[in-house]
Amino acid sequence: MNKSLQTELAREIRGSMPRFLSILTMVALGVMFLVGLRSAAPDMRFTADSYFDQQGFFDLQLYSTVGFSPSDVEKLSELEGVEACTGAQALDGTLLYGNMEKVIKLHSLTAGFSSPVLVDGRLPETADECALDARLLEVLSIKPGVPVKLTSSTEGALPLDTYRVVGIVESPLYISLDRGTSTLGDGSVAGFVLLPEESFDLDYSTVVYIRASGAASLDAYGDEYKDLVQNLTARVEPTVARLAEERYDFLKVDGARQLSDGEAELAAAQADAKRQLSDAEAALKESRAELDEGWAALEQGKTDFETQSREGREALDDAREALKAGRAELTEAELKLSLGKGALAMSRELYKTNLDSARETVARAEAKLEKKQAALSEARDRVAAAHAELDEIEAGIRDNVIAAMTGQEQNPEYTPEALTAAAANAALEDAMVDVAERSLSDAKQELSDSQTALEQTQRKGQEQIAAAQAQLAAGEAAVAAGRAKLEEGEAELAAGELEFETQIADAAKALEESENDLLSGEEEYAQGLLDYEAARLEAETALEEGREALDRAARRLEELEEPDTYVLDRNSNYGFVSYDQNAQRMTNLAKVFPIIFYLVAALVCLTTMTRMVEEERTQIGSIKAMGYGTWSIAAKYLIYGVLAALLGAIPGAAIGTVLFPWVIFSSYDIMYDLPSLSLLIDWPLCLIATGVGIAVTVGATLWAMFATARQTPAALLRPKAPKPGKRILLEHVRPIWRRMSFSMKVSARNLFRYKKRLFMTVIGVAGCTALLIAGLGLHTSIFNILDIQFFDIYRYDVLLSVDTDSPGVKERVEEFLNSREESLAWTGLFNRAVTFTGNGLTVEGYVTVPIDPTSLKEQVILRDMDTKAPVDVPEEGTLIDLKLAELLELNPGDELRTDVGHIVSIPVSALREHYVYHYAMVTAQTYYALTGENPEPNEYMIRLNQNDDESVSAFCKALMRIEGVRSAQNKAVMAKNFRKTMESIDAAVTIIILSAAALAFVVLYNLTNINVTERIRELATIKVLGFYDPEVAMYVYRENIVLTAVGIALGQFFGKSLLSFLIRTVEMDIVMFGRDPKFENYLLSILLSFVFAAIVNVLMYYRIRKIDMVQALKSVE
Amino acid sequence: MAYIEIKNVTRVYETGDVRICALDGVDLQIEQGELAIIVGPSGAGKTTLLNLLGGMDTASSGSILIDGKEVVGLHGRELTKFRRYDVGFVFQFYNLVGNLTALENVELASQICPDPMPAAEALEKVGLGHRLQNFPAQLSGGEQQRVAIARALAKRPKLLLCDEPTGALDYVTGKDVLRLLQDTCRRDGMTVLIITHNSALMPMGDRVIRLRSGKVLESWKNDTPMDVERIEW
């Protein structure tokens, strides 16, 4: 190629950047996928292998039911092909921190073997230190420095109770999240704990790790390594078996001897302890007696004291009482005295009154006498007067009579009448004097009477007063005497009280003192008793322990069985194996995806180059006419293609090599504890990928080129007859054609005019849709099956596994299940791990015998995959899961071959829907017919009335307490763990979806671009005709939309096939993924494809708007 | 007021530092129903003028009034609208859509107009009533150009712009096309502008405009236009 052609090539590339870039991108995508997916698995394996080698991971681990003595380990290390060998401990145990108890694995720290990686702190150095699994930190918040309680399921293995956490570690023994199962707790292991060798009080090793000579330099996931380890296993196995046998014999003899020694020792110790104890007991008894005596004396003293004080107090009370009575008497006397005084005063008063009244009476009588004397004298006067008058009158009358005789004047007054009157008067007056005289004597009588009364009164009163006075005087004397006596009594009482108090106090003090003495005596005694009890307990415990140890030893000796030995390679390590399986899935993916991208790259390249060659037809003609050969013309296009491919392949390979393993590894990193990824650059792979990329473009270029380049220059210089318009088939279907709008007709005809582009677009879009369906489908089918398997099919909540060797376990478990109200329903099964063979494959699985097929149906839904109709465990033959049937290519009626002690063939009667692990279900009768054994349940499925985490966990714990129960697993936890392991698939899904988008963009952009370029004249014409920009765009888009729709429709079918292919490739043997993706995924894929197409169309809109009508129409095609 | 009034129109192309003045103050008037022939050598600005008149390009300055409507200053959608309703184009290379039949090519234009001439009628008019269902590849050059004319006429434009319509045709066919254009003008009163470098065509125009270097060299009204048949070149 000469200079002008080179210049032309450079310009060509610059002038057609989008075209160049689209080839470049497609090749880049293809190479990226091929290199990336292909590198991922080797990189993953290399990273893990280096890590294992670096940490000194074992090649073989040996287990023996009798353990290994140090000399056994010595002997093993001398075997040929053994590079290094060490004994170590691996035990089940529990960790208690705060109130959290976790089931753990206890491992000894063995120098040079499976070295842990420190995350925090340091490694344990002394017997009371330990290092914790970093994963434990997810469930416990522990920092180095805190103490934790550790126990081991092997009695006496861990002598201490508390261990100090000094470091947080990761171990190559546990690279996956899964920590295995245990016979403790609810069976799930939370993590491991590392302890120094000396922490374990065991005289044997529970496990022996071996590293094979020359194994480190090999890829542990490769065949060479497998052969090497297999050879070593074959050599080690017989030695291990022999050593175990020897150890078994030794243990038996040694055990018996130790047992008898122990018995003797124990007996001696027992006697000694007994003697010492009885001495102490006697001493204690003595002091007890003394104390009791003291207490009795004290009691007596107290009683006496009580009596004395009571009596004293009573006497005092009596005295007090007497005093009180005296005082009352005195008071009474004083009262009487004062009363007497009052009475005296009163009688004096009365006497005076009486006297006065008597005197008054006398006086009155005297007055009356006087008056009577006066009246008498008056009466006598009047008598005298009356007599005088009578005398006068008489005189007068005589006078008068004289007179009358005389006749002197008579005095009238002296008439007889007047004399009679005066005589009457005088008589009256005489009577009156009698009366007065009588009255006077009366008065005199009265006076003398009253005088007598007065005298009498006087005498009597004086007498009375004198008597009262005498009495009063006597009373006063008595009061004075009483008072004196009272005062004397009071003084006596006070003295008596004082004396009494003093006596009482003294007595009390004496009592208190003696009580205190007794109390301290008691204290001493109690201490003595306590000491004695402690000593006794100690002795008893020591003896009991000795007894137990001996019993244990005896039991061990008794239980000591013929030893079983196991020689296991790395495949026994779950992390190692599951990691390999995951890497294998990536390898499987690498088989499909790159092909799709290379295919599309080839198609894109073909259309692009064809277009390019056609565009430059005239130019090719002129160059050819100038005398250049076909090849130098073809060279330009080839170089163009190769350059694009090469420029695409280099970044593609680079990105693929780095990005894909990185993304994939990062997603697995969630599940695995591994160092950061080590990249291996697989040069041959990169070269092959690039080569394929170039080959694809060169092939496409040649294909496009040669039809044109071979023509004569003359033919080339003539413009190629434009592709003539043609009627399409649809036009002959008049009813449809007539009803189509003009623009629809135009689009319809255009569609079929450019058939190559039609196919390209359809394939590109279909590919994009298919990838989307596959990606989304992969996600849902994986995560759907988890729900279906664990919640639709498995109806139980707890899976219980029991040790059928433990006698009576069936009865214990079943009685427990029947008695607990939490257990709604349960069923027992017999599971036997077997290998199924057929179709050139060996598949691990189980032969399952439901003890009661009816109750099984409540725990596991047995149904057909497609129809969901229930299926039964057949009376004859077996019911197997669909995946097993697929793997072994079995149909109902075929024979399933398996090994149940001997090879048997069971006719397959039906297939059932089941996703995880493989089970061949047979009835107990069938099993008996096959093996001659009657199956005993070793598993129980239990449905609870409440299945929240707490209830289930509590129930599991209760189950674990039953003797003979191996494990009780919460189904929800199993489902969760399973889900976790599947999450890494999501990374792959993301990659698939992103590449689908990339594919859609490149294909659609490229094709639309060519479409527009090729028809630029046509578009300019309709622009000139006055089509608005959107109308012009629609003129092109209508075709795109139709093609996209067709592509999407086709993509649905491709997608379904691709998905089912992908699922089959990616899924592991033990799992069946869902085969029917969800309807939503199809919808979403359609939507996304349309969105991608729409974005491309929007980008194209600007290109269409910019079409220069004038230029386009001027040029000659 | 003339049907088409062009006043002091300039069109300057600027690409980087280069400044090309394609039209430099053009003044023109064309009456309705006239057949105007615009002649000039290559680079005189003929096509630029036609593009400005047809709304495919916009003037840098000046004024173009077509039937009283200002075209200068229109942009985007307005300009497209102007093309859509007011102008018909005929190109040197016909620019038919190869995948559409003659009828469909005409329909392509008529379907976007509010009151189009029926496509078949338009083709009848250009004498192709019998080739409606033929694809462009099945037609001769002259026939293709007639389809192009029919396509332009179907829109009933105010103005028919023809850019070297006979440039790709032989003498006889070229004459046929020119006659069709002249007939269309005379019979239907269509205002027709023909751009050509062939000055022999000048006598057939009602108005003749000569351009040189972006300027109107001369413009006159030809009161006695010659029939196409009589023109020889």
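Just so we're on the same page: letters track the sequence lines, and every chain starts at 1.
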- Message: With a 6.0 Å cut-off (strictly less than), is the heavy-atom count around NZ of B:K81, excluding the residue itself, greater than 12?
- Response: no
- Task: Decide if atom OH of B:Y171 counts as having more than 12 heavy atoms of other residues, nucleotides or ligands within a radius under 6.0 Å.
- Result: yes
- Message: To the nearest 0.5 Å, what is the distance between CE on B:M56 and NZ on A:K1023?
- Response: 10.5 Å
- Query: In Å, rounded to the nearest 0.5 Å, how long is the span from CD of B:Q111 to CZ of A:F1027?
  - Reply: 4.5 Å
- Message: Which atoms of B:F82 are under 4.5 Å from chain A, going by heavy atoms: the side chain, the backbone, both sets, or neither?
- Response: neither
- Message: Does any part of the side chain of B:E104, heavy atoms only, come nearer than 4.5 Å to the side chain of A:V746, both counted from C-beta?
- Response: no
- Query: By ring-ring contact (aromatic ring centres under 6.0 Å, His included), which residues pair with A:F1001, not counting sequence neighbours?
  - Reply: A:F1092
- Charged N to carboxylate O under 4.0 angstrom, A:E1031 versus B:R84? yes
- Can you tell which part of B:L108 gets under 4.5 Å to a heavy atom of chain A, answering side chain, backbone, both or neither? both
- Interatomic spacing from OH in A:Y1028 to CG in B:L79 - rounded to 0.5 Å: 11.0 Å
- When rounded to the nearest 0.5 angstrom, what distance separates OG1 in A:T1021 from CZ in B:R151? 6.0 Å
- Query: Looking at CG of B:N95 and CZ of A:R1017, how far apart are the two atoms once the value is rounded to the nearest 0.5 Å?
  - Reply: 4.0 Å
- Task: Counting only heavy atoms closer than 4.5 Å, note whether B:K155 contacts chain A via side chain, backbone, both or neither.
- Result: side chain
- B:R212 CZ: over 12 foreign heavy atoms closer than 6.0 Å: no
- Give, for atom CG of B:N105 and atom CG of A:L1025, the distance between the pair rounded to the nearest 0.5 Å. 9.0 Å
